[in-house]
Amino acid sequence: MTDNAPAFGVPPTLRELLCGAAPYGGSAHRDLFCYLAYTWSSLIIHDRRTLCEDVGASMPMIYLLEALWKACLRLRDRKADAWEPDFEVFQQSLAAVWLELGRLLDKRPAEDFEVDWHAGVSSPLDELNGRVTLHLAMLGDSVAIDAMPSLLWMYARRAQPGDGFVELHATAIGAELDDGSYRLRWTRGYDGLTDVLGQWRDRGMDAIATMALLARGQIRDAVVESVQARPEPVATLAKLRKQAAETEQAAPEPEGPGLVVLASVAHLPGNTKDGESKSTSSSSPRIEFAPIAGRRLPLVPVPDLARVQAVLAGEFPDAAGIIASILAPVAGRPYVRLPRLLLRGGPGTGKTRLARRLGEELGLDVTVYGCASVSDGSVIGTSRMWGTGRASVPLQAIKRAGSASVLVVLDEISRAGTRADNGRLTDGILALAEPETARAYHDPYLECATDLSAVSYIATANDTSGLDPALLSRFRVIDMPAPTVASLPVLARSLVAELRSERGLDARWLPDLTPDELAMIGEHWRGGSVRTLQALIECAVDGRLVGPAN
């Protein structure tokens with residue numbers, strides 16, 4: 001940080017911005033311009049030698065800082081005559097610099113960052129990275145919005161009372177509760193910035209106030225109970241024995257993160273108590289869902305993402321880039337929850353297989369729901385007044401898995417029926433995929449609220465031109481690349497492994513394809529559909545049993 005008098009003003013710190021301070025100058029480019037000038041004054045006079053010393057002689061970092069400086073300067077110089085394309089170019093430049101800056105900073109040894117942070121020393125480059133993350137989130141960048149909870153919790157965990165403690169924790173809690181969603185509520189006088197932090201802070205403050213109110217009620221009840229007359233010894237002993245017996249029958253609470261999906265089934269007709277099932281053959285909803293009622297179901301912890309990336313990139317070599325982008329928002333979360341995704345690509349490109357393998361490698365129980373044959377809205381559940389009443393698809397998946405975090409693959413969503421006589425599938429998915437609704441989704445079969453906030457959704461479609469824009473706005477659309485012939489050996493190994501598992505054989509009885517077999521298949525498959533490649537591989541494998549033609 002320079003000791004000279006600042007030439008362009010003093011910008012607020014990142015902590016102050018996260019606590020609600022306004023960006024310098026009321027816009028992203030003015031705030032970043034001021035921060036760059038205040039932190040690296042050598043940028044003003046184009047003193048590359050001094051800048052090189054300040055960033056540890058990293059030429060890529062110098063190029064990034066100079067590119068960001070020029071992007072801010074270009075928009076700042078236009079002043080009143082700047083028009084919409086100028087702001088779009090600036091945001092694209094900002095996103096490109098942010099991704100590269102994060103990649104360079106990630107190359108540092110982790111212990112260097114942790115030692116500096118615990119010692120109270122914040123690197124200007126880390127502050128710049130967090131600052132750009134915040135500005136991109138306020139400009140509506142979905143990837144930056146997904147990264148904001150980790151940034152907020154990093155500052156909240158180390159905040160001291162009086163140092164933005166309440167504001168940081170409220171904003172971090174609100175961001176987690178809203179799952180990155182926000183309303184277009186513009187900041188006061190800012191150029192194109194949305195006040196996402198203010199919305200999350202209000203949401204977190206409401207949650208904190210509710211928790212405080214409940215805690216006061218529990219304290220009051222405990223005080224009232226303690227001053228009541230002591231019960232008779234015999235009654236107390238009987239009560240303790242009853243509590244001990246119920247404790248022995250109760251299922252053990254999961255270690256690690258958990259979630260109560262269904263609070264109770266006491267409102268449903270029948271005699272079975274919450275969490276206790278006398279029969280599995282009855283169709284009674286009370287008996288059916290009693291095993292998970294009132295119980296804290298486990299949430300799948302985040303596995304080693306580097307291993308997951310390596311395994312999936314080995315199976316889908318042409319999709320390694322999109323796999324990395326899908327896994328990036330999962331890092332730092334307390335449990336596995338994928339952002340809402342829509343894989344778009346031609347028939348046979350492996351969209352459904354990639355979605356299923358993502359869930360399997362992340363440890364999620366996967367339910368593939370075929371949308372092509374669905375002509376109603378039964379995905380959200382159906383009322384018990386009908387003979388075919390059933391719970392929503394996500395709740396059924398949770399019950400089967402015994403876990404609150406599962407993956408539902410909405411396969412071929414673009415081919416679902418469009419008639420609205422009995423409801424449309426896409427309309428039902430709007431409610432399930434909306435974070436606010438999912439936290440207290442009213443299941444028509446159980447007639448009560450259920451918490452489906454930990455469910456992940458991946459949709460697949462050949463084309464999205466006919467889909468409802470409201471549905472598309474809730475999903476991040478990713479184009480699935482078509483497999484190439486260069487990936488044939490890798491794809492063949494993966495498909496033979498699946499065939500081996502499907503037939504219950506080991507590698508001795510079903511070895512990988514030989515070079516001659518790969519060459520023969522390569523003559524008939526020049527890339528494109530994995531489905532076609534799978535059929536050719538099955539023919540080659542089955543041909544081993546038949547032998548050469550006479």
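By the 4.5 Å heavy-atom criterion applied to side chains, P329 and R337 are not counted as neighbours. Side-chain contact check for P149 versus M154: every heavy-atom pair is 4.5 Å or farther apart. Side-chain contact between R15 and L168 is present, with at least one heavy-atom pair separated by less than 4.5 Å.
Under the salt bridge (charged side-chain N to carboxylate O under 4.0 Å, His left out) criterion, E16 pairs with no residue, sequence neighbours left out. The side-chain hydrogen bond (donor to acceptor under 3.5 Å, both in side chains) search around H169 returns none, not counting sequence neighbours. Under the side-chain hydrogen bond (donor to acceptor under 3.5 Å, both in side chains) criterion, T437 pairs with no residue, sequence neighbours left out. Taking the salt bridge (charged side-chain N to carboxylate O under 4.0 Å, His left out) definition, one finds that E53 meets it with nothing, sequence neighbours left out. Contacts of S142 classified as side-chain hydrogen bond (donor to acceptor under 3.5 Å, both in side chains), with partners at least two apart in sequence or in another chain: none. With sequence neighbours excluded, no residue forms a side-chain hydrogen bond (donor to acceptor under 3.5 Å, both in side chains) with R333.
No donor-acceptor pair closer than 3.5 Å links the side chain of S41 to the backbone N or O of A37. The main-chain N or O of I380 is found under 3.5 Å from a side-chain atom of Y441 such that the two form a donor-acceptor pair. Between the S42 side chain and the T50 main chain, no donor and acceptor come within less than 3.5 Å of each other. Remark: the backbone N or O of P298 is paired with a side-chain donor or acceptor of S403 at under 3.5 angstrom. In this structure, the side chain of E127 engages the main chain of L14 through a donor-acceptor pair within 3.5 Å. A donor-acceptor distance shorter than 3.5 angstrom exists from the side chain of T460 to the backbone of E412, with no hydrogens or angles considered. Checked by atom type and distance alone, the side chain of D443 pairs as donor or acceptor with a backbone atom of S392 at under 3.5 Å. In this structure, R474 contributes its side chain and A470 its backbone to a donor-acceptor pair below 3.5 Å.
Taking the six-membered ring where tryptophan is involved, the planes of H29 and F90 are perpendicular, since the angle between them exceeds 60° and thus also 30°.
Ion pairing of E66 with K70 is absent here, as no side-chain N (NZ or NE/NH1/NH2) approaches a carboxylate O to less than 4.0 Å. In summary, E436 and R203 engage in a salt bridge, as defined by a charged side-chain N under 4.0 Å from a carboxylate O.
Between the side chains of R476 and S325, at least one donor N or O sits under 3.5 Å from an acceptor N or O. Side chains of D463 and S414: a donor-acceptor N/O pair is absent below 3.5 angstrom, by distance only.
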